[in-house]
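Every chain is numbered from 1, with letters handed out A, B, ... down the list of sequences. Just so you know, these numbers use all the heavy atoms, side chains as well, and skip hydrogens, waters and symmetry mates.
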There are 2 protein chains.
Amino acid sequence: MMENPDFDLRDFVPYLLNQAAEASSLEFQRLYKARYGMLRAEWRVLFHLGIYGRMTAREICDRSAMHKTKISRAVQKLADRRFLTRDPSDLDRRAEHLELTAAGSAAYRDLMAAAADYDARLMQGFTAEETALLRQMLRRLAAMR
Amino acid sequence: MMENPDFDLRDFVPYLLNQAAEASSLEFQRLYKARYGMLRAEWRVLFHLGIYGRMTAREICDRSAMHKTKISRAVQKLADRRFLTRDPSDLDRRAEHLELTAAGSAAYRDLMAAAADYDARLMQGFTAEETALLRQMLRRLAAMR
DNA sequence: AGGTATTGGTTGATTTTGTAACTAACAAGG
DNA sequence: CCTTGTTAGTTACAAAATCAACCAATACCT
């Protein structure tokens, strides 16, 4: 527990991360909200299913580190909008396999393209090396939980 | 709007930022919650007043990019706990100058030391150069809003 | 001065999130 | 089988965030 009298809270990494996360999410958030009326949890579930394909809520939970109630509610809304189907598992009748419908898949591809575009814009002031290092550091920090 | 068919959403910077922000905030959040029963908004107001000294809610709002209702409620709670005093401004009678009390100041210094410590632990797997670059990039991303 | 717009700050209603408790299904051990 | 423990997912309730409306003070404009 060493003291550091020169520490400036404006440099506190969790604080900076939160500021950067909020600022960088804002515009994209408006996009999926405006286009599909989605919340962040819904967008995340959508994109997990888009990337990994058919999977259960539990698997999304493991991979995304979202809380299971958030996922449960997001899945419900996406199912209401016919963006995904729920298919009870034969092996474990508690679990359901979730899978994007054609509409869900289209929304996923649309938002994925928008995200790629947005990401490029966001990072355009940085070099490729800086961006790669940033991603790598963020992944490590995220994995520390 | 150029297409990038190779883009992986797991590399989407806003997503990584959110994951890293959440993971890195978690432990520290528990600390100020346990020690002072504070919410994140309260801790932020506290530390803005600790850093900048006497200032109004509006100034905190500008500097922190928190919503004014969150600040208003955080200020109320901190005032209830006698962590700050509210002093109506002479120049503008709508505004109040906020200032930490001795107790508020002590809490600030305590948490500030804990933050410094936590920050060091968080970044100990990275080089000083990497950490400096990370901070710099986060500041730029945060300022983009 | 008088009218209108803007600003600092608060409040209440609505939405979203987090916490716990719960149901139903499975699993392991005897 | 029967008990105990665990797991997938949902629901109910409490805590918190967001949004719109609001009040009072100030600024702007003529």
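A:Gln29 meets the side chain to side chain donor-acceptor pair (under 3.5 Å) test with no other residue; sequence neighbours excluded. Scanning for side chain to side chain donor-acceptor pair (under 3.5 Å) contacts around A:Thr85 gives an empty result, with sequence neighbours left out. Partners of B:Asp110 under the side chain to side chain donor-acceptor pair (under 3.5 Å) rule, at least two apart in sequence or in another chain, are B:Arg35, B:Tyr36. Remark: A:His97 pairs with A:Arg54, A:Thr56, A:Asp87, A:Ser89 by the side chain to side chain contact (heavy atoms under 4.5 Å, CB included) rule, at least two apart or across chains. For the side chain to side chain contact (heavy atoms under 4.5 Å, CB included) test, no residue two or more places apart in sequence or in another chain qualifies with A:Ala132.
Contacts between residues 63-91 of chain B and DNA chain D, defined by a heavy-atom separation under 4.0 Å, are made by B:Thr69, B:Lys70, B:Arg73, B:Leu91. If you check residues 13-33 of chain B against DNA chain D, you find no residue with a heavy atom closer than 4.0 Å. Against DNA chain D, the stretch residues 36-45 of chain A makes no heavy-atom approach under 4.0 Å.
For residues 10-28 of chain A, the set of pairs meeting the side chain to side chain donor-acceptor pair (under 3.5 Å) definition, not counting sequence neighbours, comprises A:Asp8-A:Arg10, A:Arg10-B:Tyr52, A:Asp11-B:Arg139, A:Asn18-B:Ser25, A:Asn18-B:Arg40, A:Gln19-B:Arg44, A:Ser25-B:Asn18, A:Glu27-A:Arg121. For residues 124-137 of chain B, the pairs satisfying salt bridge (charged side-chain N to carboxylate O under 4.0 Å, His left out) are B:Asp119-B:Arg135, with sequence neighbours left out.
Counting 5' to 3', DNA chain D first comes under 4.0 angstrom of a heavy atom of chain B and last does so at the ends given by D:dA16 to D:dT26.
For the helix from C:dA1-D:dT30 to C:dG30-D:dC1, the rotation axes defined at the first and last 5 base pairs enclose an angle of 30°, given to the nearest 10°.
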